[in-house]
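Written out below as structure tokens is the structure these notes cover.
Values in this document were obtained by computation on a predicted structure and should not be read as measured data. This chain uses plain numbering: 1 for the first residue, then up along the sequence. In each ligand, atom 1 is the first atom listed, and ligand 1 is the first ligand listed.
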Amino acid sequence: MMLKVNDIYKSYNGSGVVTPVLRGVSLEVGRGEFVCLLGRSGSGKSTLLNIMSSLLDADKGDIVYMEKPFRGMKRCETDRFRREEAAMIFQFHHLMPYMTAFENVMLPFLSGIRPAGKEQKASAYEALAKVGLEGKEKRLPSQLSGGEQQRVAIARAIVGKPAILFADEPTGSLDKANGDAVMRILSGLNKEGLTVVMVTHQRDYAEYAHKVVELSDGNVDKITVKSA
Ligand code: ADP
Ligand code: MG
């Protein structure tokens, strides 16, 4: 199993009040799967996704990635996981407003020690073409539609060829046409081998997944696996 979620508990502590959010959540993500975490607003989806991507620590339970528990990993190892294995997209695209689409997609390479070369530039063009933005590489985010901006964010997420993509409500700020386009892109990337874990409250979009994990009150309510 690529990613295992083993009996995760998480509470938030605020001014003396403890709010339990996850109460013993378990699920599995196989390599190449498209898994959807479905639940109402406030059901703990983002919290769970952040724990699954090592951004947040659980109170109890563990995440095991390729047989290695996050708990046993050093900080630099979880950092490496997020940098090299995983990628994330969110409801809002978080693009740099003063950088072109191409420059935004090049961003993940700019933290490297060596300057980005021809190969990285080719990867950026390829990633933008994959999300249907060929010819729009030089546009600033303000010169792109909301749907196109989200597609730039997807290109930026996949440019480093991650093994697993975590998507938190990637269609949340888009209208139906643009939301559908984003879903088709995610589905296409999944068919090419990318493992996808997507959070949504929109049941329609769960249709794209192989496995739908329904959350409510901090528990897994139901897991539906689509037969191939
Ligand atoms: P979802 O993504 O399903 O809407 P979240 O995981 O964002 O749910 O939130 C679940 C619950 O935890 C909500 O009640 C939310 O208010 C609370 N919560 C989320 N993040 C924090 C935080 N950093 N501090 C305190 N409470 C939080
Ligand atoms: Mg959320």
Side-chain angles (χ1 to χ4, degrees), residues 3-29 33-65 70-71 75 78-79 81-82 86-95 146-147 149-151 153-154 156-157 162 164-176 178-183 185-187 190 195-224:
L3 190 72
K4 277 189 184 174
V5 175
N6 289 337
D7 206 22
I8 292 290
Y9 286 77
K10 180 74 182 176
S11 303
Y12 290 113
N13 247 313
S15 45
V17 184
V18 178
T19 316
V21 174
L22 301 173
R23 321 176 203 221
V25 171
S26 298
L27 62 108
E28 293 185 336
V29 180
E33 256 184 350
F34 191 139
V35 175
C36 175
L37 308 177
L38 182 67
R40 286 191 303 195
S41 176
S43 58
K45 304 182 298 296
S46 294
T47 301
L48 178 59
L49 198 74
N50 289 341
I51 291 173
M52 289 172 75
S53 60
S54 83
L55 280 174
L56 189 67
D57 287 329
D59 298 336
K60 195 168 155 257
D62 206 357
I63 305 293
V64 183
Y65 180 72
F70 281 176
R71 259 188 217 296
R75 178 70 182 277
T78 47
D79 286 350
F81 165 72
R82 286 200 303 277
M88 270 157 254
I89 55 172
F90 304 94
Q91 177 173 357
F92 301 103
H93 52 71
H94 304 291
L95 298 177
Q149 290 170 12
Q150 186 62 304
R151 277 144 62 189
I154 296 173
R156 183 180 56 187
I164 184 164
L165 177 73
F166 297 100
D168 193 349
E169 307 260 12
T171 59
S173 58
L174 303 175
D175 59 24
K176 170 129 177 49
N178 282 302
D180 289 352
V182 160
M183 289 310 303
I185 288 167
L186 293 182
S187 183
N190 172 252
T195 304
V196 178
V197 183
M198 181 188 77
V199 156
T200 186
H201 65 273
Q202 292 168 284
R203 195 166 280 276
D204 297 357
Y205 289 143
E207 293 291 313
Y208 289 83
H210 304 126
K211 187 188 276 177
V212 181
V213 179
E214 296 185 44
L215 293 175
S216 77
D217 292 330
N219 285 301
V220 173
D221 218 21
K222 191 173 159 195
I223 298 184
T224 313

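Nearest heavy-atom pair, Asp7 versus Gly24, reported as atom, atom and distance to 0.1 Å: OD1-CA, 3.2 Å. When all heavy atoms of Met52 and Val197 are compared, the pair lying nearest together is CE-CG1, 4.0 Å. For the pair Ser46 and Asp168, the tightest heavy-atom approach, listed with the atom from each and the gap, is OG-OD2, 2.7 Å.
Not one N or O on the side chain of Lys45 forms a donor-acceptor pair closer than 3.5 Å with the backbone of Met198.
The Mg ion (ligand 2) has no N, O or S atom of Thr47 inside 2.8 Å of it.
Tyr12 CE1, 3.3 Å is the protein heavy atom nearest to atom 19 (C) of ligand 1. The protein heavy-atom contact nearest to atom 7 (O) of ligand 1 is Ser46 CB, 3.7 Å. Nearest to atom 9 (O) of ligand 1 among the protein's heavy atoms is Thr47 OG1, 4.0 Å.
Residue contact check: Arg40 has heavy atoms under 4.0 Å from atoms 3 (O) of ligand 1.
Distances from atom 8 (O) of ligand 1 to the heavy atoms of Pro20, Gly39, Gly44 put Gly44 nearest.
For atom 15 (C) of ligand 1, no protein heavy-atom neighbour is present inside the 4.0 Å cut-off. For atom 4 (O) of ligand 1, a protein heavy-atom neighbour is present inside the 4.0 Å cut-off.
Of the heavy atoms in Val21, only side-chain atoms (C-beta onward) come closer than 4.0 Å to ligand 1.
For Gln150, there are no side chain to side chain donor-acceptor pair (under 3.5 Å) partners at least two apart in sequence or on another chain. The side chain to side chain contact (heavy atoms under 4.5 Å, CB included) test applied to Arg82 returns Ser54, Leu55, Thr78, Asp79, Met88, not counting sequence neighbours.
You'll find the side chain of Thr195 stays beyond 4.5 Å of the side chain of Leu3, heavy atoms only.
For ligand 1, one of its N or O atoms has an N or O atom of Gly42 under 3.5 Å away.
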